[in-house]
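First the structure, in the form of structure tokens, and then the observations on it.
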Amino acid sequence: MVVDTRDRILAAAADLFKRQGLPGTGLKQIAATAGAPMSSIYHFFPGGKTELAEEVIRTSGAAYGAHVIAIFDACPDLLTAIRTAFDAAAHVMVESDFVETCPIATIALEVAATDETLRIATADVFTDWIQAGAESIENSGLPLDVRRRLFVGFVNSLEGAFILSRSMRSTEPLRSACHMMLLAAQAELADHHAPRSQ
């Protein structure tokens, strides 16, 4: 099935990019992992590795962002959502032996200064996360600029904690980042006399 082959290529590329980085992953390895002929990569992605990487960033990034927002939407209040999101991230890290992290973090670090097409793709994904996140906590009673600031801080904290946790093979960075985000959220709620429920 044509769609299935394309999806397998995207899934294989996303996993390999996340684990090995963009420079460390070749198209032959992606094709082999996907169980697809090399020609199919160029069939679906005529622009080669850059086009494939851009699609991985946009699709994987959107899926991961939707997963995080679903956590926030399912929680009864802002503070619970922050705790739950960081707890879920720590659980995934431990279960994957500190391999599974944000699907675009590795690429974002690698391409920020070297590939404008991919930099824009990662920037678009992060921007979408922040916008969706700020909207998802509207019921916190905080003004939009404060909600946006909090979600920028959340993304900063989560992404940085992923890097440290992976390097240190410890969930301590995630727990520390969670603690700091809770303090920031509590301070914003107190400053704006907002109810603590979303």
Side-chain angles (χ1 to χ4, degrees), residues 10 14 17-18 21-22 53-93 100-166 173-198:
L10 282 171
F17 290 158
K18 181 168 52 182
L22 190 63
E54 182 179 9
E55 182 71 9
V56 165
I57 289 167
R58 295 190 183 277
T59 57
S60 298
Y64 188 76
H67 171 71
V68 173
I69 298 305
I71 291 174
F72 274 76
D73 287 343
C75 290
D77 58 72
L78 175 58
L79 302 182
T80 301
I82 291 170
R83 286 191 199 95
T84 303
F86 276 100
D87 285 348
H91 176 76
V92 170
M93 289 289 279
E100 293 294 325
T101 63
C102 166
I104 68 165
T106 303
I107 299 175
L109 286 170
E110 292 172 337
V111 304
T114 59
D115 190 308
E116 187 64 4
T117 297
L118 299 185
R119 184 201 65 76
I120 291 171
T122 58
D124 287 347
V125 169
F126 288 133
T127 299
D128 288 346
W129 290 0
I130 291 162
Q131 179 64 32
E135 291 172 0
S136 77
I137 59 174
E138 182 177 4
N139 290 340
S140 65
L142 295 169
L144 177 59
D145 64 321
V146 175
R147 288 184 272 127
R148 182 176 172 84
R149 181 167 65 231
L150 273 176
F151 222 84
V152 168
F154 172 80
V155 173
N156 280 340
S157 298
L158 185 64
E159 295 297 315
F162 274 143
I163 294 169
L164 288 178
S165 289
R166 193 173 187 182
L174 284 161
R175 294 195 305 273
S176 296
C178 179
H179 179 72
M180 298 308 293
M181 275 306 306
L182 288 171
L183 291 177
Q186 287 168 337
E188 295 288 11
L189 289 167
D191 285 349
H192 292 83
H193 307 288
R196 291 182 182 271
S197 60
Q198 274 186 289

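Given the structure is predicted, the values throughout are model-derived calculations rather than measurements.
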| note | Interatomic distance, SG@Cys75 vs CD1@Ile137, rounded to 0.5 Å, equals 12.0 Å

| task | Of all the heavy-atom pairs spanning Leu174 and Ala90, show the shortest one and how long it is. | result | CD1-CA, 3.6 Å

| task | Compare all side-chain heavy atoms of Val68 with those of Phe154 and state whether any distance is below 4.5 angstrom. | result | yes

| task | Calculate, to the nearest 0.5 Å, the distance between atoms CD1 and OG1 belonging to Ile71 and Thr80 respectively. | result | 12.5 Å

| query | Is there a side-chain contact between Val111 and Ile57 (heavy atoms, below 4.5 Å)? | reply | no

| field | Least distance between heavy atoms, Ala108 atom then Phe126 atom | value | CB-CE1, 3.9 Å

| Pairs flagged by side-chain hydrogen bond (donor to acceptor under 3.5 Å, both in side chains) wherever residues 146-162 is involved - sequence neighbours left out | Arg149-Glu188

| message | Between Asp115 and Arg119, is there a side-chain heavy-atom distance shorter than 4.5 Å? | response | no

| task | Look only at the side chain of Ser176 and the backbone of Pro173, and say whether a donor-acceptor pair between them is shorter than 3.5 Å. | result | no

| query | So which pairs with a foot in residues 122-134 pass side-chain hydrogen bond (donor to acceptor under 3.5 Å, both in side chains), sequence neighbours left out? | reply | Arg58-Asp124, Gln131-Glu135

| field | Approximate separation, where rounding is to 0.5 Å, of Asp87 CG and Ile82 CD1 | value | 11.5 Å

| query | Taking all atoms of both residues into account, what is the closest heavy-atom pair of Met181 and Leu150, and its distance? | reply | CE-O, 3.5 Å

| said: Minimum heavy-atom separation for Ser136 and Ile69, please, with both atom names. | reply: CB-CG2, 4.0 Å

| Ser60 versus Ala14, closest heavy-atom pair with distance | OG-CB, 3.6 Å

| remark: Rounding to 0.5 Å, atoms CZ (Phe72) and OG1 (Thr84) come to a distance of 8.5 Å

| task | Heavy atoms only: give me the nearest Glu110-Leu22 pair and the separation to one decimal. | result | OE1-N, 2.7 Å

| task | Mind checking side chain to side chain donor-acceptor pair (under 3.5 Å) for Arg166 and listing every partner two or more places apart, or none if nothing turns up? | result | none

| said: Within the structure provided, determine whether Phe162 and Met93 are in side-chain contact (heavy-atom separation under 4.5 Å). | reply: yes

| task | Given side chain to side chain contact (heavy atoms under 4.5 Å, CB included), test Tyr64 with Ile104 step by step and report yes or no. | result | CA-CA 9 Å; Tyr64 188 76; Ile104 68 165; over 6 Å; no

| Beyond-backbone contact of Leu142 with Leu78, side-chain heavy atoms, under 4.5 angstrom | yes

